Amino acid sequence: MRISVIGLGRLGLVHAAALASLGHTVVGVEANTQRVRKILDGTLEMHEPGLVELVRTALTDGTLDVTGEPSAARGACAHFLTVGTPELAPNEGFDPSYLENALRSLVPSLQPGDLVIGKSTVPPGTAAALAAQLHRESPGAELAWNPEFLAEGTAVRDTLAPHRLIYGVSSLEAARLLDEVYAPILDRGTQRVITDLATAELVKLATNAFLATKISFINTIAQLAATSGADALQTAQLLGADPRIGASHLNPGLGYGGGCLPKDTRGLAHYAQHAGAIEAAQFFTQVDTINAAQRQHIAEWVIAQLSGRQDSQVAILGASFKAETDDIRESPSIALAHALMSAGLRVRIADPVVTASRGEDSRLEFVRTAEEAMREADVTLVATAWPEYRRLNPAALLPMVRRPLIVDTRHCLDSEDWRNASWDYRSMFNLSLH
Ligand code: UDX
């Protein structure tokens, strides 16, 4: 089938390349010409395992074409909208204008019977408004909502082997067309659920808000563990072992970041507020508040530890919001770095794939390796669980630092190894002053 994908960011490019690998002929349309050039060169702007290989293969095979020209979508019968839905302003809800503009640019290429499929995360009602826009501008085409659940770092696998497919549709024809798109995935027995537009929208938003809630929940429990003498990590593991609860997103630590969980939790709070669901709004706002407090607590502890030392040096290991991505949107480690710099501390931040980013405070020094960051450090904070940090040699690093104090906010190091090598190893929930 000939398919168009509008918007080739972290969601759209994976989706376009994955559909091409399933045997479809895909045209990806992207307004950012520099991004188009990079994709065509096979040098992607983003770090996502397996994606560059998938894109290069599809470009070479001719199953994927990438362009800035919206009219290239003509002739496709399924058109996926994969543009972003950023926050209008903090706590102001989602900006639907990218979706509206994408749809407007697509309309001249649409033919009767075409299906336009939204994949972006949106509050309920967005799809209905877009369907009305589509009905006015291209009456023969139809709109569906098919939310995407991919996580960064595993985006290719999540797209090609999703847990389930959700079709928010207004007709059986739309569902049939989506079945054709996903035929190779459905043939493997993947569950697919047909529902209405609003349910498809809400289930995606609710999924992300639930994952955020689990993380904030376990972080509050971990604090209680710390004050009561219980083992925070073991408590989390035992909770997760209950099949009614499940272990995923139950790792306590520095909290969540990224382009989805923070924005979507605040977006749901905003939607609830406007729907008059005041308790729901307060609930999701509190999840977000707890998340922000995690980094504040640790920043305050570090500042207290280093008080009195002029020019103290902090090493932060990991800049991305999680491992296996170069994404620093709402990264907890970057927020932590800013909080420490505001208190006058010098911060060096290491990351294997993130380099100094545009718009970043120039006082924040980016380096590649943990060793570079830890030179002369008074405290080292592990903020992202990159696998290379697990393999660090604590004995070899000891002479490099000014003070052998390490705080593992992601619980990814072997505490015994570090303590045996004479480091003062602290878990995020074991920070009592002494
Ligand atoms: C999330 C959803 O998982 C995905 O389904 C959705 O489509 C997009 O948003 P992503 O943002 O890539 O995916 O990352 P995820 O793995 O969910 O982690 C989000 C954040 O939570 C990261 O900062 C991570 O470090 C943090 N996290 C995750 C925890 O602090 N504890 C956990 O137990 C799990």
Side-chain angles (χ1 to χ4, degrees), residues 9-12 14-15 18 46-49 51 82 84-85 119-122 146-159 161-166 200-201 203-223 232-233 235-237 239-240 245-268 287-288 290-295 297-298 317-336 351 354 382-387 389 408-412 427-429:
R10 290 183 184 270
L11 161 61
V14 177
H15 193 61
M46 66 193 98
H47 175 89
E48 181 61 52
L51 181 60
T82 52
T85 46
K119 284 200 88 67
S120 317
T121 305
V122 293
N146 168 223
E148 177 58 59
F149 295 91
L150 67 80
E152 288 180 33
T154 53
V156 171
R157 190 185 68 204
D158 294 346
T159 305
H163 293 301
R164 71 245 194 263
L165 291 164
I166 295 176
E201 290 169 308
V203 74
K204 174 61 203 287
L205 208 45
T207 301
N208 280 356
F210 183 68
L211 296 176
T213 303
K214 277 185 94 176
I215 296 169
S216 281
F217 177 83
I218 199 60
N219 282 333
T220 59
I221 295 296
Q223 281 166 25
L233 289 187
T235 304
Q237 275 158 10
L239 257 178
I245 296 173
S248 154
H249 290 74
L250 224 46
N251 293 321
L254 196 53
Y256 58 81
C260 297
L261 264 47
K263 170 177 78 85
D264 294 348
T265 306
R266 290 193 297 266
L268 194 54
V287 169
D288 187 55
I290 291 167
N291 191 52
Q294 288 303 102
R295 25 189 115 149
H297 289 154
I298 185 125
L317 306 190
S320 56
F321 83 95
K322 67 177 200 180
E324 304 302 346
T325 179
D326 60 339
D327 195 346
I328 57 164
R329 284 177 294 170
E330 302 216 28
S331 170
S333 54
I334 301 270
L336 179 57
D351 196 281
V354 176
V382 183
T384 311
W386 280 101
Y389 300 152
D408 186 1
T409 75
R410 295 294 181 189
H411 306 104
C412 59
S427 109
M428 167 99 186
F429 299 101

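Whatever order the structure lists ligands and atoms in, that order sets their numbers, starting from 1. None of these values were measured; they are calculated from a predicted model. Along the sequence shown, the residues carry numbers beginning at 1.
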N/O of Arg410 under 3.5 Å from N/O of ligand 1, yes or no?
yes
Residue-level breakdown please: for Leu250 versus ligand 1, do any non-hydrogen atoms fall below 4.0 Å on the side chain, on the backbone, on both, or on neither?
backbone
Could you tell me if any non-hydrogen atom of Gly253 lies under 4.0 Å from any atom of ligand 1?
no
For Gly253, does its backbone N or O pair with a side-chain atom of Thr409 as donor and acceptor, under 3.5 Å?
no
Distance to 0.1 Å, residue and atom name: give those for the protein heavy atom nearest to atom 23 (O) of ligand 1.
Phe321 O, 2.9 Å
Quick one: does Gly258 get within less than 4.0 Å of ligand 1, heavy atoms only?
no
So is Gly257 polar-close to ligand 1, meaning N/O to N/O under 3.5 Å?
yes
Specify the protein heavy atom at minimum distance from atom 7 (O) of ligand 1: its residue, its atom name, and the distance to 0.1 Å.
Leu150 O, 2.7 Å
Report the part of Asn251 (side chain from C-beta onward, or backbone N, CA, C, O) that has a heavy atom under 4.0 Å from ligand 1; answer both or neither where that applies.
both
Atom 9 (O) of ligand 1: which protein heavy atom is closest, and how many Å away?
Cys260 CB, 3.2 Å
Which protein heavy atom lies closest to atom 2 (C) of ligand 1, and at what distance to 0.1 Å?
Asn208 OD1, 3.6 Å
Are any of the N or O atoms of Ser248 closer than 3.5 Å to those of ligand 1?
no
Return the option from Thr121, Ile215, Thr325 holding the heavy atom at the smallest distance from atom 28 (C) of ligand 1.
Ile215
Lys204 touching ligand 1 at heavy-atom level, < 4.0 angstrom:
yes
Would you say Asn219's side chain and Leu254's backbone share a donor-acceptor pair under 3.5 angstrom?
no
The one among Lys322, Lys263, His163 that brings a heavy atom closest to atom 10 (P) of ligand 1
Lys322
Purely on distance, is any nitrogen or oxygen of Phe149 under 3.5 Å from one on ligand 1?
yes
Would the number of heavy atoms belonging to other residues, nucleotides or ligands and lying under 6.0 Å from CZ of Phe149 be above 12?
yes
